[in-house]
Structure formats: structure tokens, C-alpha cells
Amino acid sequence: QVQLVESGGGSVQAGGSLRLSCAASTFTYSYCMGWFRQAPGQEREGVASISPGGAATYYSDSVKGRFTISRDNAKKSIYLQMNSLKPEDTAMYYCAAKIPYGGGCYLMDDFPYWGQGTQVTVSS
């Protein structure tokens, strides 16, 4: 039932930065939130996820140290700060949400709610 809308994508030179935003239609404090991406010809992969309160975060090895996921529950939004971007980061980026139940907020491909995506293109 939650609706997610991504924004902030665009084209950037390698080494540059972008900040993606995801606005949710409902209060998101109880939801795990995550960012996923899919490049042309590739399967979707998890990028980062965050627990309802923001205390726990998870990152793929490929972005760890360069990307930072955060959330502002008062604004019903999550963010992905992307620094030191590489051409391999080029992909459609999707915001996702799920109720953690007993499984926590690990970066797994089991998020039932998805946004439409925002394109990120990094040129060399």
C-alpha cells in the first residue's frame, strides 16, 4: 500500500556525487527501506538498506565506503548519498520498502513495495 517516488538521478562525471531521494506516501518508521539498482543486461542487485529507526545499515561490497543510506522519518523519506561515482554505478536505481517481521532489514531481494526508479548515468 505504500507508494514510493524516487528523484535525484541524472548524469555525472566519474568521481562526482549524486544524492537520491525517495518519498513515501505513509509514515515509514516501521518499515525497512532499501535501494536497489539494475544495469542494462544485468540482474537487479541490492545497494543499501536501513532499519526502521536508522540504527542498522547494510551495504553491498561494491558501494561500501562510497554510498551512505539515511532516512528522515519525519519527512517520510530516505536518501542515498553517492560519492566517488564510477561508470559501473550506472543503472536504474529503485527505492523499496518492507515490514521487517522477524527477518530484520538485511539487504535481500524480498521487498514487496517498489518505486518506479530514477536513472543514474556515470561517464568516464
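Since we're looking at a predicted model, the values are computed, not measured.
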**OP:** Would you sort out whether Tyr31 and Tyr113 count as a side chain to side chain contact (heavy atoms under 4.5 Å, CB included), showing the intermediate values?
**Re:** CA-CA 10 Å; Tyr31 289 84; Tyr113 304 108; 4.2 Å; yes
Indicate, with yes or no, if [Y] and [X] share a hydrophobic cluster defined by side-chain heavy-atom contacts under 4.5 Å among Ile, Leu, Val, Met, Phe, Trp and Tyr.
X	Y	value
Tyr93	Val122	yes
Leu107	Tyr79	no
Val63	Tyr94	no
Tyr101	Ile50	yes
Leu18	Leu80	yes

Subject >> Asp61/Lys64 salt bridge by N-O under 4.0 Å criterion >> reply: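 The answer is yes: the pair qualifies as a salt bridge.
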At what distance, to the nearest 0.5 angstrom, does [atom1] of [X] lie from [atom2] of [Y]?
X	Y	atom1	atom2	result
Thr121	Asp89	OG1	CG	11.0 Å
Trp35	Cys95	CH2	SG	5.0 Å
Ile99	Cys32	CD1	SG	9.5 Å
Arg71	Ser51	CZ	OG	7.0 Å
Met33	Ile69	CE	CD1	8.0 Å
Ser123	Leu85	OG	CG	10.5 Å

Subject >> Working for side chain to side chain contact (heavy atoms under 4.5 Å, CB included), residues Arg37 and Ser62 >> reply: CA-CA 12 Å; Arg37 67 186 182 186; Ser62 62; 3.3 Å; yes
Subject >> More than 12 heavy atoms of other groups within 6.0 Å of Gln116 CD >> reply: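 Result for CD/Gln116: open.
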Original post:
Is it true that atom CD of Gln38 has more than 12 heavy atoms of other residues, nucleotides or ligands lying nearer than 6.0 Å?
Top reply: yes
Original post:
Within the distance-only criterion (no hydrogens, no angle test), does the side chain of Ser49 pair as donor or acceptor with the backbone N or O of Cys105 below 3.5 angstrom?
Top reply: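 Yes; at least one donor-acceptor contact below 3.5 Å.
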**OP:** Take Leu20 and Glu6, measure what side chain to side chain contact (heavy atoms under 4.5 Å, CB included) needs, and give me the verdict at the end.
**Re:** CA-CA 7 Å; Leu20 306 183; Glu6 304 95 334; over 6 Å; no
Original post:
For the ring pair Phe36 and Phe111, is the centre-to-centre distance below 6.0 Å?
Top reply: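 Yes, ring centres under 6.0 Å apart.
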Original post:
Are Glu45 and Asp109 close enough, and set up right, to give a side chain to side chain contact (heavy atoms under 4.5 Å, CB included), and what steps lead you there?
Top reply: CA-CA 8 Å; Glu45 65 173 341; Asp109 193 18; over 6 Å; no
**OP:** Taking all non-hydrogen atoms of both residues into account, name the closest pair between Ala97 and Val2 and its distance.
**Re:** CB-CG1, 4.3 Å
**OP:** Over all heavy atoms of both residues, which pair between Ser17 and Asn83 is shortest? Give the atoms and the distance, please.
**Re:**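 Distance-wise, the nearest heavy atoms are OG-OD1, 2.9 Å.
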Original post:
How about Ser124 and Pro87: do any of their side-chain heavy atoms sit closer than 4.5 Å?
Top reply: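 Yes, close enough: below the 4.5 Å cut-off.
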Original post:
Heavy atoms, side chains only, cut-off 4.5 Å: are Val5 and Gln3 in contact?
Top reply: no
